[in-house]
Amino acid sequence: MKNLIKKLIPKLDKLEHIYLWTLIFFVSILFLDVINYIFNLSLNSQLIAIIIVNVTAFLKETLHDYFQDKGNCEILDFLFSVMFPNFIYFYL
């Protein structure tokens, strides 16, 4: 999956963050809506999805990049990761 995304997306690190976390946002909404439908719940799937995106982006930058030294820990990576999903949730 990551190789396919790397072929479709130009080699820009920040753009990759935008695409991947936006994809996580929409897949989370879809999954939570299916769960709501199956179990007849009344969860706010968009709010839960935006919390999932913000928490996973933060944990990725802190745990994976900073503490484990497996990447470059940047605040801009986090901001670009959560920028578009937050824009969709709060303004659309």
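For clarity, every value in this text was computed on a predicted model and none was experimentally measured.
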query: Excluding sequence neighbours, so at least two apart, what forms side-chain hydrogen bond (donor to acceptor under 3.5 Å, both in side chains) with E74?
result: K14, N72
task: Output the distance between atom CD1 (I35) and atom OG (S45), rounded to the nearest 0.5 Å.
output: 11.0 Å
- request: Hey, could you give me the NE2/OG1 distance between H17 and T22, rounded to the nearest 0.5 Å?
  value: 12.0 Å
message: My understanding is that only residues two or more places apart in sequence, or in another chain, count here; which of them pass side-chain hydrogen bond (donor to acceptor under 3.5 Å, both in side chains) with N44?
response: none
message: Assigning hydrophobic clusters by single linkage (Ile, Leu, Val, Met, Phe, Trp, Tyr; side-chain heavy-atom cutoff under 4.5 Å), is I18 placed with Y89?
response: yes
field: Partners meeting side-chain contact (heavy atoms from CB on, under 4.5 Å) with Y66 (sequence neighbours left out)
entry: C73
message: Going by salt bridge (charged side-chain N to carboxylate O under 4.0 Å, His left out), name the pairs with one or both residues in residues 31-60, residues two or more places apart or in two chains.
response: K60-D65
message: Would you say M83 ends up clustered with I24 if hydrophobic residues are merged whenever their side chains have heavy atoms under 4.5 Å apart, either directly or through other cluster members?
response: yes
Transitive ILVMFWY side-chain link L30 to F25, under 4.5 Å: no
message: Check this for me: F84, atom CZ, are more than 12 non-hydrogen atoms of other residues, nucleotides or ligands nearer than 6.0 Å?
response: no
- line: d(S42 OG, N36 CG) to nearest 0.5 Å is 7.5 Å
Extract all donor-acceptor atom pairs below 3.5 Å that involve side chains of residues 46-59 and protein atoms in other chains or at least two apart in sequence.
residue, atom, partner, partner atom, Å
N54, OD1, N86, ND2, 3.1
N54, ND2, I50, O, 3.2
T56, OG1, W21, NE1, 3.2
T56, OG1, I52, O, 2.7
T56, OG1, V53, O, 3.2

query: Do L43 and I38 belong to the same hydrophobic cluster, where Ile, Leu, Val, Met, Phe, Trp and Tyr are linked whenever their side-chain heavy atoms lie under 4.5 Å apart, directly or via other members?
result: yes
task: Decide whether I88 and F31 are clustered together by the hydrophobic rule: side chain heavy atoms of Ile, Leu, Val, Met, Phe, Trp, Tyr closer than 4.5 Å, transitively.
output: no
message: So, using ring-ring contact (aromatic ring centres under 6.0 Å, His included) as the criterion, who are the partners of F39 when residues are at least two apart?
response: none
